[in-house]
Each structure stands twice: as C-alpha cells, then as structure tokens.
Amino acid sequence: MLVKTATFITSASGAGGYPPGGLPEIAFAGRSNVGKSSLINVLVNRRALVRTSSTPGRTQLLNFFAVNDEFMLVDLPGFGFAKVPLAVKKAWGPMVRTYLEQRANLRALVLLFDIRRVPRQEELQLLDWLEELEIPTIPVITKVDKVGRSHRHRQIAPILEATGLPVDAFSFFSAVTKEGRDEVWERIATVLEESPAAVPAQEDSGGVQ
Ligand SMILES: Nc1nc2c(ncn2[C@@H]2O[C@H](COP(=O)(O)OP(=O)(O)OP(=O)(O)O)[C@@H](O)[C@H]2O)c(=O)[nH]1
Ligand SMILES: [Mg+2]
C-alpha cells in the first residue's frame, strides 16, 4: 500500500459524531495497551499520527483517519484496563457495538491480541459480535518482538485455544521491528478490493452517497 496522505478526521463517541460514511472503513480493536494506535502509525508510516501511550486507556473515543482520501482507518477505544473509571468501562460495550451495528461502510475489523496475554471475555465478545454481524475479521497477534521466534508457537497456544481460530488466521506483527506490516496491509487491501464501492444507499438514511 502506497500511503500518500494520512489525515486525522475526527473523534466521536456516538453515531451522531461519525463523519459521513462515504469511504470504506477498516476498524482496529483490542484491549487497552495492546498496540492499536501503534499499528496504525506503522501502517501509515507516521510516528505520531495516532497518539500512543504507555498509560493504557488513553483512547476512549473512536478516532477516524483518512488514507489517500480513499478509505478510513478507525481506532476504536480499548477495553479491560483496571484503572479506568467504571463509567468509562461501561461505555465501551455500547460504543463499540453501536459502531459495528450501524456503520454500513465498515469493511473489516482488525482485532489485536498481545502475544503475551490470554484473551479475555471482551476479545471473545468482540469475536462473537463480528460473527453475528458478519463483519470480516483480520486477527493480528502483536508485540511479537517480546517473544523469541522459537517460543512463538508455544506462546500463542492460549490465544488459539480461547478464540478457536487456526494459527493461519493470524498475522504476526511488531511495531518495533515492523514485522507483519506488509501482510496486514495486504489483508486490508484485499478486503477493500472485494468491496471498494462507497456505502450503498440506505433506506433509513436518506441515501448517503
Ligand atoms: N515492544 C512493543 N511495544 C509495543 C508494540 N506496539 C505497541 N507497543 C507499546 O505498547 C504501548 C501501548 O501502545 P498503544 O499503541 O498506545 O496501544 P493502544 O492499543 O492504542 O492503547 P489504548 O489507546 O490505551 O487502548 C506503548 O508503550 C507502545 O509503545 C510492539 O509491537 N512491540
Ligand atoms: Mg490507542
């Protein structure tokens, strides 16, 4: 993917704040601190298009970024950080679920798993929603630089077991070494090529074109 431009468009919490849905979208989800924002920055070759943080729970809104004015990357709020206020924790489910249900131009969701962690209920919940709503999923195991290559397959056994997905379903990624960048782009490009058109006119929306 040749990234000519990558531009922050807007942040939103609810559907009223989403930008017009004329471009296809790829969303990124996963627990707080898993590396969603870092992955987006590596994809678009920018050190800080998306703010990253060693304090988990920083991104508590949906953030929309346009690439080449052709499609959007959407950084979804993370979940599962203990020190986040209860109100914020409770907001995560409806915020993400509403986006997944209502965003007709969503083409796929990149779901990140930390190579060192066992998936929890929220990751599995997300996988259920994606299946229910028939949203194509690109599962990515991140921070692979933290584990020696020879330990990789042993390390991911709990992820395979919890998700029920085969190892081939996952792309391995590191924001440090940039391993996996091209593969993740390829998978995104494939999804975009399969359904490049803008949002089909919707009965209840007055026909966003
Ligand atoms: N070693 C290593 N560190 C990473 C990698 N990706 C992200 N990090 C670090 O992990 C921390 C969190 O990264 P973010 O990209 O901010 O994570 P996030 O998922 O966007 O987090 P929230 O916005 O809080 O939900 C930062 O300190 C990053 O530098 C990676 O591939 N390898
Ligand atoms: Mg983030």
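Atoms within each ligand, like the ligands themselves, are counted from 1 in listed order. Just so we're clear, the structure is a prediction, and the values are computed from it rather than from any experiment.
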Cationic N near anionic O, under 4.0 Å, [X] to [Y]:
X	Y	value
Glu132	Arg97	yes
Arg103	Glu25	yes
Glu122	Arg31	no

For the 3.5 Å polar cut-off, considering only N or O atoms, please tell me whether [X] and ligand 1 meet it.
X	value
Ser38	yes
Gly35	yes
Val144	no

For ligand 1, which atoms sit closer than 4.0 Å to a heavy atom of [X]?
X	answer
Gly78	25 (O)
Ala175	5 (C), 6 (N), 30 (C), 31 (O)
Ser174	31 (O)

I'd like to know if the side chain of Ser171 pairs up with that of Glu183 as donor and acceptor (distance under 3.5 Å, no hydrogens or angles considered).
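Indeed, the side chains of Ser171 and Glu183 share at least one donor-acceptor pair under 3.5 Å.
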Ser11 and Asn63: side-chain donor and acceptor closer than 3.5 Å?
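Yes, because at least one side-chain N or O of Ser11 sits under 3.5 Å from a partner of the opposite role on Asn63.
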Could you tell me whether the side chain of Glu123 and the main chain of Arg120 form a donor-acceptor pair under 3.5 Å?
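Yes; at least one donor-acceptor contact below 3.5 Å.
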Closest to atom 1 (N) of ligand 1 (judged by heavy-atom distance), picking from Val42, Ile141, Asp145, Leu76:
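Answer by nearest heavy atom: Asp145.
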Where the closest heavy atom to atom 8 (N) of ligand 1 is concerned, which of Lys178, Lys143, Lys36 has it?
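Closest candidate by heavy-atom distance is Lys143.
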Ligand 1 contact by Val34, heavy-atom criterion under 4.0 angstrom
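A heavy atom of Val34 does come that close to ligand 1.
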One pair to check against ring-ring contact (aromatic ring centres under 6.0 Å, His included): Phe170 and Phe113. What are the steps and the verdict?
CA-CA 9 Å; Phe170 292 90; Phe113 297 86; 5.7 Å; yes
Metal site the Mg ion (ligand 2): N/O/S of Ser32 inside 2.8 Å
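Here the distance criterion (N, O or S atom, under 2.8 Å) is not met by Ser32, so no.
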